[in-house]
There are 4 protein chains.
Amino acid sequence: MNKKELIRLSATKIIAEEGFYKTKVQDIADDAEIAVGTVYIYFKNKDDILDYIFESQHTKMIEFIEKQEKQEISPLEKIKRILRYHFTEMENNPDLAKVLSQEGTGPLKNKESEMKDDSLGVPDIFQRMLEESKEIREIRDIDAEMFGYVIFFVGRETAYLLQIKGKKDRYYKAFEELLTFIVNGIKV
Amino acid sequence: MNKKELIRLSATKIIAEEGFYKTKVQDIADDAEIAVGTVYIYFKNKDDILDYIFESQHTKMIEFIEKQEKQEISPLEKIKRILRYHFTEMENNPDLAKVLSQEGTGPLKNKESEMKDDSLGVPDIFQRMLEESKEIREIRDIDAEMFGYVIFFVGRETAYLLQIKGKKDRYYKAFEELLTFIVNGIKV
Amino acid sequence: MNKKELIRLSATKIIAEEGFYKTKVQDIADDAEIAVGTVYIYFKNKDDILDYIFESQHTKMIEFIEKQEKQEISPLEKIKRILRYHFTEMENNPDLAKVLSQEGTGPLKNKESEMKDDSLGVPDIFQRMLEESKEIREIRDIDAEMFGYVIFFVGRETAYLLQIKGKKDRYYKAFEELLTFIVNGIKV
Amino acid sequence: MNKKELIRLSATKIIAEEGFYKTKVQDIADDAEIAVGTVYIYFKNKDDILDYIFESQHTKMIEFIEKQEKQEISPLEKIKRILRYHFTEMENNPDLAKVLSQEGTGPLKNKESEMKDDSLGVPDIFQRMLEESKEIREIRDIDAEMFGYVIFFVGRETAYLLQIKGKKDRYYKAFEELLTFIVNGIKV
DNA sequence: GATGAATGAGTGTTCATTCAT
DNA sequence: TATGAATGAACACTCATTCAT
């Protein structure tokens with residue numbers, strides 16, 4: 001496998017176990033069965049590894065979102081599909097779910113690193129969708145900016161919550177309950 | 001002032017600015033205008049300071065909640081009042097809002113420290129109130145455990161979000177929107 | 001009891017348990033049931049406490065030795081009595097035995113503190129006695145300086161050794177064996 | 001040179017000068033002209049350095065002793081040769097002599113570290129040799145355990161004593177006097 | 001004299017990062 | 001690219017000592 005991806009996977013695993021600050025670069029290298037020095041060929045520094053974990057998942061999200069944009073479906077339905085996609089991803093990636101929840105703060109950990117480019121964060125995308133949804137009277141006249149974020153982190157935190165609370169079996173049922181909650185919360 | 005409280009205030013301020021791991025105990029001591037050694041008279045170690053910040057606010061919450069319990073009001077109304085109380089607290093304490101949001105993970109940062117006693121966390125209390133609310137058909141038959149947590153961290157994160165997003169002026173309006181969102185989301 | 005003596009006893013106990021460097025002045029104060037500050041009324045600093053322990057025992061030895069000097073006995077017999085006295089002292093004071101053995105290095109721990117006055121150390125006294133003994137042909141023509149020290153630390157170390165090796169019951173028998181060893185070693 | 005050995009030599013030098021507790025790991029690193037961090041690649045902690053100094057010398061002793069065991073010589077003669085070997089070693093290594101004397105307490109400083117394996121300490125070996133010596137009526141019926149230790153620390157302390165007392169020139173003469181003392185002390 | 005809260009210099013240890021091989 | 005020994009700045013924590021009460 002691509003070494004950068006190998007490092008990302010090991011880092012996700014170790015950071016999920018130990019937390020970012022307690023994770024040693026050496027531990028990541030050990031898990032990936034490579035030398036510490038090698039990590040620094042693919043990453044500028046330790047923070048860069050965490051950024052990459054967030055960016056990778058963000059990129060996957062954006063790709064999925066772009067596919068949805070081409071569909072002829074209502075903005076609210078789009079949001080629901082995006083959340084469903086996120087839940088599926090997190091179910092297949094418990095370590096990642098934990099890292100995104102524990103180490104994430106706002107869109108990206110390091111404000112400095114920001115989004116590299118001018119691409120929007122998921123909360124911003126949700127905001128735009130909510131605004132479109134408002135225009136077609138699908139939902140109430142809510143503060144789209146605030147709810148863009150609220151829906152984003154409710155999704156992120158709940159995906160992790162359901163795992164630690166051992167709801168594995170009822171994962172999808174609980175998830176649909178959450179969707180109903182959100183939709184009821186904002187619909188006209 | 002009580003030295004332990006003095007340290008708590010300085011720590012909250014510095015941790016809000018720098019983040020817990022980048023905060024040096026020396027910085028806290030400097031801000032409090034005491035010697036480093038003094039910090040260690042009142043706190044076992046650096047983690048203990050963060051725990052105390054969480055515990056202090058938790059204690060205030062619990063005290064407020066216990067006062068509500070004596071009132072003759074519906075469980076859902078109690079939850080709303082608790083959230084309102086939290087928002088007021090966070091408005092008066094932006095640094096604390098940031099620390100609770102950024103450094104908090106689940107109920108308490110350090111799982112080991114647990115709740116000292118057997119006192120319930122706020123999510124647990126919300127859960128119980130939701131169950132009572134379900135019984136009187138005030139709300140739908142939702143997963144009370146999950147929504148106990150969801151309401152808890154929506155409250156926590158949004159209180160912080162509104163501050164960084166500069167909604168100061170519309171703070172209460174935005175907050176009432178959030179309450180409506182939650183109530184609509186779970187009501188029958 | 002005299003507070004300085006109280007501190008000396010507690011210090012001896014704690015230092016025997018923990019070793020001098022691992023002993024905290026606070027621990028000594030706790031054991032003596034006084035405040036730390038009080039320790040510093042009677043002692044200049046921590047080292048001073050250890051010095052006092054050594055000096056106290058040294059003073060007792062010197063007093064005993066001076067009594068012997070007045071007796072009409074051979075120098076070799078004097079040495080034997082001094083060693084016997086030391087053994088009895090150590091048997092009654094296991095903690096002190098340990099401290100003298102573990103923390104003692106040469107006559108006094110702190111070279112700077114030296115003997116306060118110009119009083120001789122026990123090795124020096126043994127040296128003089130050995131010289132007298134040589135003159136009366138009681139013992140061989142040995143290096144009195146070296147054997148003054150050798151007999152001194154054999155006495156000190158063996159007194160402690162017999163305790164940790166659990167020879168309590170055979171303590172005096174073992175001790176007499178040691179005396180025989182020394183006398184045989186140096187006699188004509 | 002092997003870095004671990006380099007550190008051992010610098011540590012021996014500095015500890016001899018300053019004493020173990022006053023020695024800073026940084027001082028050792030400076031003397032060895034390496035970074036502090038490097039010390040911790042080769043040693044678990046500061047105590048571990050002292051243990052290694054003792055172990056290294058102990059290993060040399062054991063190697064010498066094992067060579068003696070193959071010789072057809074009396075047990076008492078073996079002990080004499082071992083002591084002679086020790087004296088030669090200490091003469092060539094005054095710093096080590098000082099460290100072994102000042103920082104040594106019983107066989108090894110840290111009881112926890114024990115002998116790594118089940119190898120015997122030198123006092124134990126002396127004890128066995130004394131027992132063999134007793135069997136062939138070479139020496140009196142002495143307490144072999146006690147005298148194993150007595151001979152061990154008389155050897156160790158005297159080797160150091162002769163150096164600080166400036167007997168360099170008469171070192172071997174004094175040493176032979178000590179051997180005579182010991183042999184006379186225990187022979188039939 | 002007695003107290004013990006406060007001090008702050010001092011130090012062991014860690015670990016992200018580098019770079020010669 | 002890959003390695004991993006070496007680096008050294010950084011930091012949590014300790015504890016002898018002081019001094020206002």
Side-chain angles (χ1 to χ4, degrees), chain A residues 2-4 6-7 18 20-30 32-50, chain B residues 2-4 6-7 20-30 32-49, chain C residues 2-4 6-7 18 20-30 32-50, chain D residues 2-4 6-7 20-30 32-49:
Chain A
N2 175 328
K3 276 236 169 95
K4 189 162 187 176
L6 180 66
I7 295 168
E18 305 289 342
F20 180 69
Y21 280 97
K22 286 189 184 159
T23 292
K24 292 163 219 160
V25 177
Q26 183 69 65
D27 292 343
I28 296 172
D30 288 351
E33 295 181 305
I34 58 173
V36 230
T38 308
V39 173
Y40 286 85
I41 293 171
Y42 296 94
F43 295 94
K44 198 164 93 285
N45 53 38
K46 191 184 162 188
D47 283 3
D48 199 27
I49 303 173
L50 188 58
Chain B
N2 175 320
K3 279 248 165 76
K4 190 163 187 177
L6 181 66
I7 295 167
F20 181 69
Y21 280 97
K22 285 188 185 160
T23 293
K24 285 162 239 162
V25 177
Q26 184 68 63
D27 292 341
I28 296 172
D30 288 349
E33 294 181 305
I34 58 173
V36 225
T38 308
V39 174
Y40 287 89
I41 295 173
Y42 297 95
F43 295 94
K44 202 163 92 290
N45 52 40
K46 194 184 160 189
D47 282 5
D48 198 28
I49 303 173
Chain C
N2 174 326
K3 277 239 169 92
K4 189 162 187 177
L6 181 66
I7 295 167
E18 304 290 342
F20 180 69
Y21 280 96
K22 286 188 184 161
T23 293
K24 292 162 217 162
V25 177
Q26 184 68 64
D27 292 342
I28 296 171
D30 289 349
E33 295 180 305
I34 58 173
V36 230
T38 309
V39 173
Y40 285 85
I41 294 170
Y42 297 95
F43 295 94
K44 199 162 93 287
N45 53 38
K46 191 184 163 189
D47 283 3
D48 198 28
I49 303 173
L50 188 58
Chain D
N2 175 320
K3 280 249 165 76
K4 190 163 188 177
L6 180 66
I7 295 167
F20 180 69
Y21 281 97
K22 287 189 183 157
T23 292
K24 286 162 240 159
V25 177
Q26 184 68 63
D27 293 341
I28 295 171
D30 288 350
E33 294 181 304
I34 57 174
V36 228
T38 307
V39 173
Y40 287 87
I41 295 173
Y42 297 95
F43 296 94
K44 201 163 92 288
N45 52 39
K46 193 183 161 191
D47 282 5
D48 198 29
I49 303 173

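Here is the naming used below: chain letters follow the sequence lines, and residue numbers restart at 1 for every chain. Just so it is clear, the values below take in all heavy atoms, side chains as well, and ignore hydrogens, waters and symmetry mates.
In this entry the distance linking OH of Y21(B) with P of dT14(E) reads 16 Å, nearest Å. As rounded to whole Å, 13 Å separates atom P of dT11(E) from atom CG of D30(D). Per the geometry, CD1 belonging to I41(A) stands 8 Å off C1' belonging to dT3(F), to the nearest Å. One can place NZ of K22(B) at 18 Å from C1' of dA12(F), the figure rounded to the nearest angstrom. A straight line from CD1 of I7(B) to C1' of dT7(E) spans 13 Å, rounded to a whole angstrom. Straight-line distance from the CG atom of D48(A) to the P atom of dT17(E): 10 Å, rounded to whole Å. Between F43(C) atom CZ and dC15(F) atom P the separation is 20 Å, expressed in whole Å. Rounded to an integer number of Å, the gap from D27(D) CG to dG12(E) C1' is 12 Å.
Nearest nucleotide to the side chain of K24(B), out of dA6(F), dA12(F), dT13(E): dA12(F). Among the nucleotides dA6(F), dT3(F), dA6(E), the one closest to the side chain of Y42(D) is dA6(F). The I34(D) side chain lies nearest to dT7(F) when the options are dA5(E), dT3(E), dT7(F). The side chain of T38(C) lies closest to dT3(E), out of dT7(E), dA5(F), dT3(E).
Here the CD1 atom belonging to I28(A) is positioned 9.0 Å from the CD1 atom belonging to I34(A), to the nearest 0.5 angstrom. Atom CD1 of I49(A) and atom CD1 of I7(A) lie 7.0 Å apart (nearest 0.5 Å). Interatomic distance, Y42(D) OH to L6(D) CG, rounded to the nearest 0.5 Å: 9.5 Å. The NZ atom of K4(A) lies 5.0 Å from the CZ atom of F43(A); values are rounded to the nearest 0.5 Å.
Residue T23(D) is the one, among V36(A) and T23(D), whose nearest nucleotide of DNA chain E lies closer to the 5' end (criterion: closest heavy atom). Both V39(D) and Q26(B) lie close to DNA chain F; mapped to their nearest nucleotides by heavy-atom distance, the more 5′-ward contact belongs to V39(D). Map G37(A) and N45(B) each onto its nearest nucleotide of DNA chain F; the residue landing nearer the 5' end is G37(A).
In this structure, Y40(D) does not reach the dG8(F) phosphate: none of its side-chain N or O atoms is under 4.0 Å from OP1 or OP2. Contact annotation: K46(B) side-chain N/O to dC11(F) OP1/OP2 distance is not under 4.0 Å. Between K3(B) and dA6(E) there is a side-chain polar atom (N or O) within less than 4.0 angstrom of OP1 or OP2.
With K46(B) contributing its side chain and F20(B) its backbone, the two residues share a donor-acceptor pair below 3.5 Å.
Judged by Watson-Crick or G-U wobble contacts below 3.5 Å, the nucleotide dT13(E) has dA10(F) as its partner. Nucleotide dT17(F) forms a pair with dA6(E), judged by Watson-Crick or G-U wobble geometry with both contacts under 3.5 Å.
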